[in-house]
Each structure stands twice: as C-alpha cells, then as structure tokens.
Amino acid sequence: MTPALNVHAALSGKRVLITGSTGFLAKVVLEKLIRSVPDIARIVLVIRGGRGKTNGDARTRFERDIATSSVFDRLRAERPAFLAEFFTERIECVTGEVTAPCFGLKLTEFNALARRVDLVINAAASVNFREALDEALAINALSVQHIAELARAANAPLVQVSTCYVNGYNRGDMLEQNVSPARAAIPRHSDGHYDLYGLLQHLQHRVAAVKAETTDPEQQTRRLTELGIAEANYHGWNDTYTFTKWMGEQLAMQAMRGRTLTIVRPSIIESTLQEPAPGWIEGVKVADAIILAYARGKTSFFPAKANEIVDIVPADLVANSIVLAAAEALTERGATRIYQACTGSANPISVGRVIELFQTESQRNWRNYERLFYNEPKHGFRVVSRPVFLLMLRAMSLGATAWSGVRRLLGAGDSPKLEALRTTQLLALTFSFYTAPRYVFHNKSLMALAQRFGSEDRARYGVDPAVIDWPDYLCRIHMTGLNRYALRPRSPKSVEAAAAAAPAPVAETEARPVKI
C-alpha cells in the first residue's frame with residue numbers, strides 16, 4: 001500500500017520561492033505556509049523594486065505592502081512573537097524583475113539564488129483582462145521561461161498558478177488536461193505541449209509595428225490593448241489575460257520537460273471561506289465589480305445566462321490546492337500534473353442563483369454593509385440575453401444622451417443615467433464572458449490528490465467544494481468580507497453627500513486594486 005502523502009514531512013526544512021507575493025492569492029498562500037508549516041526553513045519572495053526613492057527595494061515593499069496586510073491578523077493575535085521573528089529571520093526578499101532574464105540579477109547572483117531554493121511557486125500575473133498585449137505577454141507568458149530557468153538551475157519543482165479559463169472558447173466538460181486552442185491551429189510538439197515559437201514571433205512583430213507607428217503613450221496602449229483582444233479572439237480566447245495565461249502553461253511545459261511541473265488552475269477566485277478569516281479579500285474581483293455597480297445605482301441589468309453554472313471558488317481552497325500540489329511535487333518528482341481548483345462539477349451554482357442571493361441580501365440587510373451601500377437599493381437587477389441587452393442599451397442610450405444634451409444646455413453635467421449606461425457597457429465588455437459560461441470545470445484529479453493525504457492534512461488543507469454552503473458563503477461571509485476588507489471607510493464628507501443625494505457616486509478610491 002502506498003504511504004499517505006504528508007504536507008509537514010514534504011515542506012519541513014524546505015526553502016520555498018514565491019513570485020507575485022504582493023498579490024491577493026499569494027498572500028493567502030504565504031500566510032497558510034507560515035501558520036501551518038511553522039518549521040519551513042525559508043520563504044524567498046521575488047519582488048519588483050518600487051519606482052522612485054520612496055518606494056525602495058524588495059524588503060521595503062515587503063514591509064509596506066505584505067507584512068502589514070490584514071491577512072496576518074490571525075497570526076498577529078495568536079502568535080505575535082513567532083510572526084515577527086519569522087518575518088525577520090525566515091523571509092528573504094529579493095529585488096528582481098521576473099520579466100527579465102535572470103530576474104535582472106547578475107548571473108552569479110541568479111545561480112546563488114537557485115542554490116537557496118527547493119521549490120518554486122509562480123503566482124505572478126497580470127490579471128487585467130484587457131491588458132496591453134506587450135505587458136500581458138511579458139508577465140503571463142515570457143516570464144514563465146525565466147522562472148522555469150531558476151527551477152531548473154535549482155533542480156526544484158515548479159508549481160505554476162494558471163486559470164481554468166485557459167479553456168477559452170472550448171465548450172462542454174473541461175478536464176484537468178492540456179487545452180487545445182478553440183480556433184486557430186497552433187503546432188503541437190510530440191511531448192504534448194504546443195510549440196509557440198511561430199506564434200510569439202508573430203505577436204512580437206505586431207507589437208513592434210504598433211510601437212513604430214505611434215509614440216503617443218495613450219494611443220499606443222489603446223492600440224496594443226485592441227491588438228491583444230483581436231489576437232486572443234482569433235486564436236480562441238475571450239481576452240488577453242486568458243490567452244497569455246494559456247501561453248504561460250505551454251512555455252512552462254516546454255521548459256520543464258522531464259522535470260517536476262504542476263499547474264494549478266483556479267476558476268473565479270473570491271474571498272476566503274474559512275482561513276485565515278472568513279471573507280478575507282483584497283481588491284474588487286470579477287463578481288464584486290458588478291455588485292459594487294449595483295450597490296451604487298450604476299447598473300440594473302447585465303448580459304448573462306441565468307441557468308448556466310458560474311464557477312466561483314474561495315481563495316483558501318485555492319491556496320490549499322497549491323500547498324497539496326507542492327507537497328506532492330516535492331515527494332514524487334519527474335511528472336507533469338494539472339489540477340483545477342473549481343466548484344462547477346462538485347457543487348454547482350447558477351448565475352441566476354448568485355444574483356438572487358446577492359439581491360435578496362442587499363435589499364434585506366443593506367445597512368450592514370455601510371461601505372458598500374450608501375443608500376437603500378430601490379431598483380432590481382436582472383440578467384438578459386446578449387441580443388436583448390444590446391437592444392436595451394441602445395434604446396436607453398438614446399434617451400439618456402438626449403437628456404444629457406438638455407442638461408448641458410442648462411449648464412448641468414451629463415445625466416446620471418448616461419453615466420450608469422457607460423458603467424453597464426464597460427462591465428459587460430469586460431466580464432460578460434464569465435457570466436455566460438459554456439462549459440463546466442472538473443476537479444476529479446485534485447480530489448484524488450487530496451485523498452492521498454492523511455485525515456489531518458485533508459482537514460487542514462481542505463479543497464472539497466462540497467463544504468460550501470452557497471447562501472451562507474455569498475451573503476454572510478463574502479459580502480461581509482467585501483465590505484470589511486476590500487472597501488475603505490467612507491470619509492465624513494462622502495457620508496454627508498450620500499445622505500443628501502441618491503444614488504451616491506462611485507468613489508475612485510473605494511476599490512483597492514491588486515498589484516502583483
């Protein structure tokens with residue numbers, strides 16, 4: 001009988017390098033490792049140095065952006081001396097740029113870093129769905145080559161954090177396996193990964209052409225963003241983010257051939273279910289942008305398929321998946337594995353049910369979320385088909401535009417209704433693909449992995465979506481966490497303004513974006 005895998009035995013005394021540690025998910029992983037594997041030898045964080053004298057090096061950014069995070073509140077309360085000592089003695093901060101060869105370090109420094117690493121977890125990413133193509137390529141795809149180079153030099157397993165949405169425009173049951181492009185043909189290597197040499201040359205040539213044609217920064221960014229979307233759509237993906245994350249998977253498989261590689265694909269990551277605290281979140285995620293717009297009276301309808309499954313997964317289930325995958329990779333070398341941290345196959349919830357729960361909770365208990373709701377929500381929220389959405393948008397836009405013209409003649413600004421339509425249009429442009437799903441993600445391999453661990457590890461590092469009570473999680477846990485952690489307290493002036501006018505405007509500083 002094969003002995004059970006054990007997280008503590010695998011990670012105790014090990015040196016783990018993490019990229020993307022200033023981001024939401026990586027913070028949850030970091031906190032979990034410190035709290036649950038207290039005798040881990042060292043955690044190395046590769047952090048981009050800040051720009052300007054006040055931003056400083058990696059250690060400065062760690063102290064400012066990571067060590068102060070509320071994700072560590074539980075440890076600060078339970079074991080303050082241990083946490084302070086861990087930060088000082090066992091967190092190593094390396095000022096480096098993962099988009100540069102050798103992370104921008106001297107070769108001798110890069111090789112010395114490799115000798116101090118037993119495991120690499122790559123959580124660095126640009127999560128902007130509509131990123132300029134050159135930026136998305138650099139961080140989501142090409143940087144994987146540099147990170148894999150470190151893993152090879154260290155003879156260390158690589159855990160690559162990807163996304164379930166690399167499945168792009170494919171349809172049906174999405175399994176834990178390599179994804180074929182849904183549209184354009186890309187040559188496939190005999191080892192199983194797709195050969196991106198020609199595709200990367202094509203994309204880099206088109207990026208260079210745009211940069212040669214215009215030097216205006218704003219126009220250049222706009223054109224590179226449009227180029228990214230066009231190329232993604234042509235090859236079989238909805239947006240630049242998922243297209244370049246798929247490329248990152250292929251480059252990781254190519255670079256780690258014959259070595260240990262695990263790809264962990266989460267679906268839509270939202271606030272934690274239980275640990276380190278229920279509802280912990282940082283920044284406004286996919287569903288939250290729509291919730292926020294509804295709370296501020298900025299939208300009342302959205303294109304979606306109410307009966308289809310939307311795949312939302314709490315962040316701690318994803319972090320636990322990464323830890324289990326890391327323990328397996330350290331224990332059983334040489335394989336390439338893919339795991340999906342998702343809920344759609346084991347504990348599905350429909351788009352319509354999510355909206356129903358949020359709307360009911362909002363209308364009943366809006367006063368409990370003082371940072372989210374400035375006033376009582378008096379309008380409903382409904383989902384419609386895309387053709388109906390476009391007709392509604394066009395009809396309402398004509399009326400709102402005409403009324404705005406009258407307001408301007410009278411010396412007033414644009415109609416609030418026109419502003420709301422613009423918000424709805426932007427949200428639909430960015431997120432509607434994720435609210436009209438055409439496939440179901442499966443996690444059979446991840447669940448089988450969990451069963452290979454002992455009962456204590458299965459309890460400590462839970463990955464089973466069946467434990468999620470959707471009404472409790474989405475209403476009591478997630479909305480409370482969104483209100484507490486993701487949104488800043490309102491200033492006295494904004495409270496006075498909210499009392500005087502309804503609905504209140506969305507403050508640009510309300511949402512704290514995640515910078516990775």
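All values reported here derive from a predicted model rather than from experimental measurement. Index from 1, following the sequence.
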Q: Determine, step by step, whether Lys245 and Arg265 satisfy the side-chain contact (heavy atoms from CB on, under 4.5 Å) criterion, reporting the C-alpha distance in whole Å, the side-chain angles of both residues, the deciding distance to 0.1 Å, and the verdict.
A: CA-CA 10 Å; Lys245 288 297 287 184; Arg265 295 177 183 153; over 6 Å; no

Q. Yes or no on side-chain contact (heavy atoms from CB on, under 4.5 Å) for Glu328 and Tyr339, after CA distance, side-chain angles and deciding distance?
A. CA-CA 12 Å; Glu328 179 193 36; Tyr339 297 119; 2.7 Å; yes

Q.
Run the side-chain contact (heavy atoms from CB on, under 4.5 Å) test on Phe103 and Leu113 for me, step by step, so that the C-alpha distance in whole Å, both residues' side-chain angles and the decisive distance to 0.1 Å come before the verdict.
A. CA-CA 10 Å; Phe103 299 170; Leu113 174 62; 4.2 Å; yes

Q: Test Phe24 against Trp280 for side-chain contact (heavy atoms from CB on, under 4.5 Å), laying out the working first.
A: CA-CA 10 Å; Phe24 167 52; Trp280 190 82; 3.4 Å; yes

(Q) Set out, in order, the CA-CA distance, both residues' side-chain angles and the distance that settles salt bridge (Lys or Arg N to Asp or Glu O under 4.0 Å) for Glu92 and Arg116, then state yes or no. (A) CA-CA 10 Å; Glu92 177 185 349; Arg116 303 195 299 275; 2.6 Å; yes

Q: Using the side chain to side chain donor-acceptor pair (under 3.5 Å) rule, take Asp457 and His8 through it: C-alpha gap first, then chi angles, then the decisive distance, then the call.
A: CA-CA 9 Å; Asp457 275 350; His8 187 268; over 6 Å; no

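Remark: Glu149 does not engage Arg152 in a salt bridge, criterion side-chain N to carboxylate O under 4.0 Å. Between Glu308 and Arg438, none of the side-chain N atoms (NZ, or NE/NH1/NH2) sits under 4.0 Å from a carboxylate O, so this pair counts as no salt bridge.
For residues 12-21, the salt bridge (charged side-chain N to carboxylate O under 4.0 Å, His left out) pairs, not counting sequence neighbours, are Arg15-Asp118.
The minimum heavy-atom distance between Gly172 and Tyr439, with the atom names listed, is O-CB, 2.8 Å. For the pair Arg337 and Thr260, the tightest heavy-atom approach, listed with the atom from each and the gap, is NH1-CG2, 4.1 Å. The heavy-atom pair separating Ala125 from Asn140 by the smallest distance is CA-OD1, 3.4 Å. Contact between Trp470 and Ile312 at its shortest, heavy atoms only, is CH2-O, 3.3 Å. Here the closest non-hydrogen pair linking Ala341 and Val313 is O-CG1, 3.7 Å. Counting all heavy atoms, side chain and backbone alike, Ser12 lies closest to Val37 at N-CG1, 4.2 Å.
Proximity of a side-chain donor or acceptor of Asp239 to a complementary backbone N or O of Thr242 within less than 3.5 Å is detected. Put simply, the side chain of Asn347 gets close to the backbone of Ile468: a donor and an acceptor are under 3.5 Å apart. A distance-only check finds a donor-acceptor pair linking the side chain of Gln340 to the backbone of Met174 [under 3.5 Å]. Between the side chain of Arg79 and the backbone N or O of Leu83, no donor-acceptor pair lies under 3.5 Å. In this structure, Asn320 contributes its side chain and Gly462 its backbone to a donor-acceptor pair below 3.5 Å. Under a 3.5 Å cut-off, the side chain of His189 and the backbone N or O of Asp191 do form a donor-acceptor pair. Of the possible donor and acceptor atoms, one in the side chain of Arg371 sits under 3.5 Å from a partner among the backbone N and O of Arg484.
Using modelled atom types and a 3.5 Å distance limit, the side chains of Asn483 and Thr480 yield no donor-acceptor pair. Side-chain atoms of His478 and Asp288 include a donor-acceptor pair closer than 3.5 Å. Side-chain contact check for Thr95 and Asp57: no donor-acceptor pair (N or O, by modelled atom type) lies under 3.5 Å. For the residue pair Gln274 / Asp316, no side-chain donor-acceptor distance below 3.5 Å is found, with atom types taken as modelled. In the model, Ser180 has a side-chain atom that pairs as donor or acceptor with a side-chain atom of Tyr194 under 3.5 Å. For the residue pair Thr240 / Glu131, no side-chain donor-acceptor distance below 3.5 Å is found, with atom types taken as modelled. Counting only N and O atoms by type, the side chains of Thr19 and Asn122 include a donor and acceptor under 3.5 Å apart. Using modelled atom types and a 3.5 Å distance limit, the side chains of Glu97 and Thr99 yield a donor-acceptor pair. Looking only at atom types and distance, the side chain of Ser362 has no donor-acceptor partner in the side chain of Tyr369 under 3.5 Å away. Side-chain atoms of Asn178 and His193 form no donor-acceptor pair, as typed in the model, at a separation below 3.5 Å. Side chains of Asp73 and Ser70: no donor on one and acceptor on the other come within 3.5 Å. Residues Thr22 and Asp65 bring no donor and acceptor atom of their side chains to less than 3.5 Å of each other.
Residue Asn307 places its CG atom among 12 or fewer non-hydrogen atoms of other residues, nucleotides or ligands, all under 6.0 Å distant. Environment of CD in Glu109: crowded, with over 12 heavy atoms of neighbouring residues, nucleotides or ligands closer than 6.0 Å. Within 6.0 Å of atom CZ in Phe82, more than 12 heavy atoms from other residues, nucleotides or ligands are found, so the atom counts as buried in its surroundings. Counting heavy atoms of neighbouring residues, nucleotides and ligands inside a 6.0 Å radius, atom CZ of Arg183 exceeds 12 of them.
Side chains of Met447 and Val463 form a contact here, defined as non-hydrogen atoms less than 4.5 Å apart. Looking only at side-chain heavy atoms (C-beta outward), Val354 and Phe358 come within less than 4.5 Å of each other. In this structure the side chain of Leu30 reaches within 4.5 angstrom of the side chain of Ile43, judged on heavy atoms. Leu158 is not listed as a side-chain neighbour of Thr262, based on a closest heavy-atom distance of 4.5 Å or more. The shortest distance between side-chain heavy atoms of Leu330 and Leu11 falls below 4.5 Å. Within the 4.5 Å cutoff, the side chain of Val98 has no heavy atoms near those of the His146 side chain. Looking at Ile322 and Leu25, their side chains come closer than 4.5 Å, going by heavy atoms from C-beta outward. Pro471 has its side chain within reach of Arg353: a pair of non-hydrogen atoms, C-beta onward, lies under 4.5 Å apart.
With sequence neighbours left out, the side chain to side chain donor-acceptor pair (under 3.5 Å) criterion links Ser69 to no other residue. Here Glu275 pairs with Lys32, Arg35, Arg74 under the salt bridge (Lys or Arg N to Asp or Glu O under 4.0 Å) rule; sequence neighbours left out.
Going from atom OG of Ser267 over to atom CG of Leu317 covers 10.0 Å, rounded to the nearest 0.5 Å. A distance of 5.0 Å separates CD1 of Ile91 from CZ of Phe86, quoted to the nearest 0.5 Å. One distance of note links CD1 of Ile40 with CD1 of Ile34; it measures 8.5 Å at 0.5 Å rounding. If you take CG on Leu474 and CG on Leu482, they are separated by 11.5 Å, rounding to the nearest 0.5 Å. With rounding to the nearest 0.5 angstrom, the CG atom of Leu446 is 7.5 Å from the SG atom of Cys342. Separating the CD1 atom in Ile349 from the CG atom in Asp311 is a distance of 11.0 Å, to the nearest 0.5 Å.
Ring geometry for Phe441 against Tyr165 counts as perpendicular: the plane angle is over 60°, on a 0 to 90° scale with 30° as the lower cut. Taking the six-membered ring for Trp and thresholds of 30 and 60 degrees, Trp237 and Trp246 have ring planes inclined between 30 and 60 degrees apart.
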